[in-house]
Asker: 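Have a look at this one before I ask anything.
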Amino acid sequence: MRTVRVTAKTVEAAVEDGIKQLGISREEAIVHVVEQPSGGLFGLIHKKPAVVDVSAVDEPEAEETPEAPKAGETPAEAPKAEETKEEPAKEGTEEAAEAPAEAAEESKEPEETESKENEEKPAHKEGREEAPFNAEEQEQTAEEAKKFLENVFKGMHLNVTMEKMMNEDRILLSLHGEGLGILIGKHGQTLDALQYLTNLAAGKSFRHHYFVMLDVENYRERRQDTLEALAHRLAGKARRTGEPVKLEPMPAGERRIIHLALQDDPSVSTESEGEAPYRYVVISPNR
């Protein structure tokens, strides 16, 4: 078997380069993705290319041609060639190429259905046995979070001031400075991603999960007001039309705001549907 390792911006580009080097078709190639490409943090730093191994199965040696009958032998007396059923090389290659994909599909575990109760709580690390709250550990977690963010902002050439507030539920780091819209992104997606990375970096030392929330110039409060107004407006639409109203996909924290905004409204009910990251809220009128 011949194998080449190729590096490119995308997996597909690496595969194309590999099959050209081996002189084979795409169907004959056995592809193993060594490393997926990464756009880096916010697409700015630590970018990684795709690394792919492309292999080709060596062609089987040609079978020897049966000897012609010797002089004096009749065709019936000539030795008969054994009938062998040879599998086409292409079919074997396709099966080999499909095997890793099938194994990957079998290894995928079904995602757990997310309930409203789960949406109302910050996610805890899987397999972590929760320990009691400790104020000193929380303070250390806050300092680790600030160090991580300082390095991020340094790499992005941003001048950011961090204001810290804490209670037993969370550590809130409010970020202030000029030109920080890049940290928010569309509907807060970049801010949520940065918050997730901050929790991973700061929360690995202790068994208790000390949740770190990030906010930029009071964006969280403004976004909550917007979502609550949207929830009440669409609830009115559901009542008028008598039909369910489906909202756009949202992260768990924003779906939680919709659920809580309408939980005391007896005329409608809310439910999250779909699979992450495309889960959305449906507001249905109560008949």
Side-chain angles (χ1 to χ4, degrees), residues 39 41-43 111-126 145 148-149 152 160 162-176 180-203 209-239 241 243-286:
L41 185 60
F42 313 126
E111 296 185 2
E112 296 183 0
T113 303
E114 188 177 2
S115 64
K116 293 185 200 176
E117 290 77 11
N118 289 337
E119 291 172 353
E120 296 178 7
K121 299 177 182 179
H124 289 241
K125 291 186 178 179
E126 292 184 6
F148 171 77
L149 290 170
V152 172
V160 181
M162 286 182 274
E163 179 184 359
K164 180 182 69 176
M165 291 181 286
M166 296 192 303
N167 58 31
E168 288 197 13
D169 292 330
R170 63 178 56 124
I171 302 165
L172 173 62
L173 296 178
S174 296
L175 312 179
H176 306 281
L180 299 189
I182 189 175
L183 298 180
I184 298 175
K186 182 181 179 182
H187 294 168
Q189 292 176 355
T190 304
L191 184 59
D192 288 338
L194 180 58
Q195 178 175 285
Y196 173 76
L197 294 175
T198 303
N199 277 278
L200 286 182
H209 180 73
Y210 299 97
F211 178 64
V212 181
M213 174 177 281
L214 302 184
D215 195 7
V216 176
E217 302 291 1
N218 296 322
Y219 168 79
R220 299 285 189 193
E221 183 177 353
R222 298 196 306 271
R223 180 63 175 164
Q224 180 172 340
D225 292 341
T226 299
L227 290 173
E228 289 176 347
L230 176 67
H232 291 298
R233 179 166 58 83
L234 295 183
K237 180 180 178 181
R239 286 191 295 267
T241 62
E243 298 292 335
V245 177
K246 183 174 74 173
L247 282 71
E248 65 179 2
M250 296 178 180
E254 295 195 348
R255 295 197 304 273
R256 173 179 177 268
I257 292 173
I258 301 293
H259 291 310
L260 292 178
L262 299 177
Q263 67 178 355
D264 295 326
D265 189 337
S267 64
V268 295
S269 58
T270 61
E271 191 68 37
S272 288
E273 297 182 2
E275 296 183 359
Y278 305 108
R279 282 177 67 78
Y280 54 89
V281 176
V282 177
I283 302 175
S284 303
N286 291 330

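Just the heavy atoms: all of them, side chains too, but no hydrogens, waters or symmetry mates, feed the values below. For the single chain, residues carry numbers from 1 onward in sequence order. Only a predicted model underlies this, so the values are computations on that prediction, with no experimental measurement involved.
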Asker: Using 0.5 Å steps for rounding, measure from the CE atom of M166 to the CG atom of L172.
Answerer: 11.0 Å

Asker: Residues two or more places apart in sequence or in another chain: which of them pass side chain to side chain donor-acceptor pair (under 3.5 Å) with E217?
Answerer: H176

Asker: Could you tell me which residues satisfy side chain to side chain donor-acceptor pair (under 3.5 Å) with R220, sequence neighbours excluded, listed by chain and number?
Answerer: D192, Q195

Asker: With a 4.5 Å cut-off on side-chain heavy atoms, are L183 and L175 touching?
Answerer: yes

Asker: How long is the span from the OG1 atom in T190 to the CG atom in L214, to the nearest 0.5 Å?
Answerer: 12.0 Å

Asker: For residues S284 and E271, determine if any side-chain heavy atom of one lies less than 4.5 Å from a side-chain heavy atom of the other.
Answerer: no

Asker: H187 versus P251: any side-chain heavy-atom pair under 4.5 Å?
Answerer: no

Asker: Applying side-chain contact (heavy atoms from CB on, under 4.5 Å), name anything that partners D264, two or more places apart in sequence or on another chain.
Answerer: none

Asker: Please test L197 against F148 for side-chain contact (heavy atoms from CB on, under 4.5 Å), starting from the C-alpha separation and ending with a verdict.
Answerer: CA-CA 9 Å; L197 294 175; F148 171 77; 4.0 Å; yes

Asker: Just how far is it from atom CD of E254 to atom CZ of R279, taken to the nearest 0.5 Å?
Answerer: 14.5 Å

Asker: Go through the structure and list residues passing side-chain contact (heavy atoms from CB on, under 4.5 Å) with L247, not counting sequence neighbours.
Answerer: L230, L234, M250, I258, I283

Asker: With N286, which of P266, S267, S269 fulfils side-chain contact (heavy atoms from CB on, under 4.5 Å)?
Answerer: S269

Asker: Apply side chain to side chain donor-acceptor pair (under 3.5 Å) to E243 and list each qualifying residue two or more places apart in sequence or on a separate chain.
Answerer: none

Asker: Apply side-chain contact (heavy atoms from CB on, under 4.5 Å) to the pair L194 and L149, showing each step before the final yes or no.
Answerer: CA-CA 9 Å; L194 180 58; L149 290 170; 3.9 Å; yes

Asker: For residues 225-235, which residue pairs qualify under side chain to side chain donor-acceptor pair (under 3.5 Å), counting only residues two or more places apart or in two chains?
Answerer: Q224-E228

Asker: Quick check: closest heavy atoms across N199 and Y210, and the distance to 0.1 Å?
Answerer: OD1-O, 3.9 Å

Asker: Going by the rule side-chain contact (heavy atoms from CB on, under 4.5 Å), which residues pair with A145 if we only count those two or more places apart in sequence or in a different chain?
Answerer: L173, T198, A202, V212

Asker: Mind checking salt bridge (Lys or Arg N to Asp or Glu O under 4.0 Å) for D215 and listing every partner two or more places apart, or none if nothing turns up?
Answerer: none

Asker: For P244 and P285, work out which heavy atoms get closest and say how close.
Answerer: N-CD, 3.9 Å

Asker: Among residues at least two apart in sequence or on other chains, which ones pass side-chain contact (heavy atoms from CB on, under 4.5 Å) with Y280?
Answerer: K246, E273, V282

Asker: I'd like to check the salt bridge (Lys or Arg N to Asp or Glu O under 4.0 Å) partners of R239; sequence neighbours left out, ordered by chain and number.
Answerer: D265

